[in-house]
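Remember, it's 1-based here, ligands and their atoms both numbered in the order they're listed.
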Amino acid sequence: MNKFLIVGPASQMLGVKIAKNLNIPHINTEFKTFPDGENYLRLNLEDETILEGKEIIIVQSTGPSASRDQNSRLFELFMIIDAVKRIGVAKIIIVVPYLAYARQDKIFRPGESEFARVVLRLINSMEIDEFYVVDIHNPDILEELSCKTVNIDSMKILADYIKSSGAKDIVVVSPDKGAVERSKAFAKHFGENVPVDFFEKKRDVKTGEITMSGQLSLENKDIVIADDIIATGGTMSEAIKISKESGANKVYAAATHALMLQNAKYRILAAGGDEIIGTDSIDNELSKVSLADVICDYLK
Ligand code: R5P
C-alpha cells in the first residue's frame, strides 16, 4: 500500500470515513495534555518503517471543542506533520476542514495581527505538498502557501440535505450583504430560479455585537440561511428573527462549520430556527452532513 491516512484527534469520524472511501489504511494518534499544559501526540504505531516513502494524508480540523481549544488542535496538526516528516515519507497532503483563526484575516483595529496569514505561514514552513480546506472564510489568504491548495465547497451537500428534509418554496437569505454572491451560488443547488435576499449586518469591532436590518417579503416561504461559520449564533439568530418577522415559514440554519459556542444553539432555536445543519468539519451532534465524499472527490 502506497498511501496511509493519519486520523487527527479532532477529525476521528471524518478521517476514518475518508480512509474507507479511499480504501487506504488509517492510523490514529495517542494524545494528551501534560500537567504543565503542553500538548503531547504520537502516531499510534510501533513500526515507523511502514510509513517510509509513502504518501500520507493527514485529516485534522482545528475547531474548538469542549475538551480542546483551537491552539491545541493546531499544535496537534504540527506534531503529526513533524512526525511523518521525521520518518521520511514521500508526500504530505493535509486536510484541515476548518482552519482556526481564518476570521482574523484583516486588520479591523490598530495594533492587530493578521493572524490567519501567520497560521498559514507556519504550515507553509513545514513544507507540505498539498493543502485542502473547506469553505475557508477568505480564500485570498491561501496565497500564503507555496504548495497546491484547494478550497472545497460544501454548498451542494448542504443543499441536498435540506431538499431531502422536505423544504418547499425556498428563499435563500444571506445574513450579510458581503455573502450574497456565495448565497447566490448556494441557491442554484435548490433550482434555477430560487430567489436570494439579504440583510445588512454590522458588527461592532470593539464589542463584537451584531445589528442587522432589512425587511423582506418571505410570507409562507421556507428560508435557508447559509453561513460559513456559526460561532456564538449571533449572526444566525438575528437573521432568523428578521426572517420570521418578514413572514417566513420554516427556517433552516445551515453552516459549513457549526462551532456552536456558548449559547449558540439556544439563541438560534429561541429566535425561531427550526433546524440547525452543520458538516462534520466540526465533530458534534449537528454534523448532519458528511464532507467525506466531496473531499475524496478531490483526493482521488
Ligand atoms: C462572519 O463574517 C462569518 O461569516 C460568520 O457570520 C460569523 O463568524 C458568525 O459568528 P457568530 O455566530 O458569532 O455571529
Side-chain angles (χ1 to χ4, degrees), residues 61-66 69-70 73 96-109 112-117 119 133-142 151-155 158-159 172-187 196-214 223-244 251-279 281-282 284-288:
S61 214
T62 55
S65 68
D69 65 17
Q70 48 276 71
R73 292 313 191 192
V96 183
Y98 172 78
L99 182 71
Y101 292 93
R103 291 180 292 174
Q104 296 194 42
D105 61 320
K106 291 187 191 73
I107 300 301
F108 299 95
R109 299 180 66 197
E112 289 179 346
S113 154
E114 243 178 349
F115 203 68
R117 289 181 179 273
V119 169
V133 66
V134 182
D135 292 336
I136 190 167
H137 185 65
N138 173 5
D140 291 349
I141 65 171
L142 290 173
N151 181 27
I152 296 172
D153 186 337
S154 75
M155 285 190 247
L158 283 168
V172 173
V173 171
S174 170
D176 191 345
K177 197 174 174 187
V180 170
E181 286 312 313
R182 182 176 142 77
S183 294
K184 281 186 185 160
F186 185 52
V196 177
D197 228 322
F198 67 90
F199 298 120
E200 289 278 5
K201 167 175 139 181
K202 287 205 177 81
R203 191 188 281 273
D204 184 311
V205 291
K206 286 191 185 159
T207 63
E209 202 182 310
I210 288 161
T211 46
M212 221 176 259
S213 56
I223 306 304
V224 181
I225 306 173
D227 212 344
D228 56 339
I229 300 167
I230 300 176
T232 64
T235 305
M236 200 50 97
S237 58
E238 283 302 307
I240 293 169
K241 220 184 291 165
I242 311 182
S243 297
K244 286 285 181 182
V251 180
Y252 296 86
T256 312
H257 313 291
L259 305 180
M260 310 315 291
L261 310 174
Q262 301 165 3
N263 279 326
K265 289 181 225 166
Y266 177 83
R267 291 174 89 176
I268 290 173
L269 296 182
D274 292 281
E275 185 167 354
I276 308 169
I277 303 130
T279 75
S281 97
I282 306 296
N284 63 22
E285 75 280 14
L286 295 170
S287 21
K288 298 175 183 174

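- At under 3.5 Å, a nitrogen or oxygen of Arg203, whether backbone or side chain, sits near a nitrogen or oxygen of ligand 1.
- Evaluated by nearest non-hydrogen atom to atom 7 (C) of ligand 1, the leading choice among Arg267, Arg103, His137 is Arg103.
- Considering backbone and side-chain atoms together, Ala231 places an N or O closer than 3.5 Å to an N or O of ligand 1.
- If you number the atoms of ligand 1 from 1 as listed, the ones under 4.0 Å from a heavy atom of Gly234 come out as 11 (P), 12 (O), 14 (O).
- Judged by distance alone, with hydrogens and angles left aside, the side-chain atoms of His257 form a donor-acceptor pair with the main-chain N or O of Val134 at under 3.5 Å.
- Ligand 1 has at least one atom lying under 4.0 Å from a heavy atom of Gly233.
- Against a heavy-atom cut-off of under 4.0 Å, Ile210 is close to the following atoms of ligand 1: 14 (O).
- With Arg109 contributing its side chain and Lys206 its backbone, the two residues share no donor-acceptor pair below 3.5 Å.
- In this structure, the protein non-hydrogen atom closest to atom 13 (O) of ligand 1 is Thr232 OG1, 2.6 Å.
- Ligand 1 places these atoms under 4.0 Å from at least one heavy atom of Asp228: 3 (C), 4 (O), 5 (C).
- Annotation: the span from Asp228 atom CG to Thr235 atom OG1 amounts to 9.5 Å, rounded to 0.5 Å.
- A donor-acceptor contact shorter than 3.5 Å is absent between the side chain of Asp105 and the backbone of Ala116.
- Residue Lys201 approaches ligand 1 through these ligand atoms, each under 4.0 Å from one of its heavy atoms: 1 (C), 6 (O).
- Thr256 and Ser154 share a side-chain donor-acceptor pair at under 3.5 Å.
- Asp140 and Arg117 are not joined by a salt bridge, as no carboxylate oxygen comes within less than 4.0 angstrom of a charged side-chain nitrogen.
- The closest donor-acceptor contact from the side chain of Arg203 to the backbone of Ile210 lies at 3.5 Å or more, if one exists at all.
- Atoms of ligand 1 lying under 4.0 Å from at least one heavy atom of Thr235, given by number and element, are 6 (O), 9 (C), 10 (O), 11 (P), 14 (O).
- The backbone N or O of Ile282 lies less than 3.5 Å from no partner atom in the side chain of Ser61, so there is not a single donor-acceptor pair.
- Ranking the protein heavy atoms by distance from atom 9 (C) of ligand 1 puts Ile229 O, 3.4 Å first.
- Around atom 5 (C) of ligand 1, the closest heavy atom drawn from Asp227, Ile230, Thr256, Asn138 belongs to Asp227.
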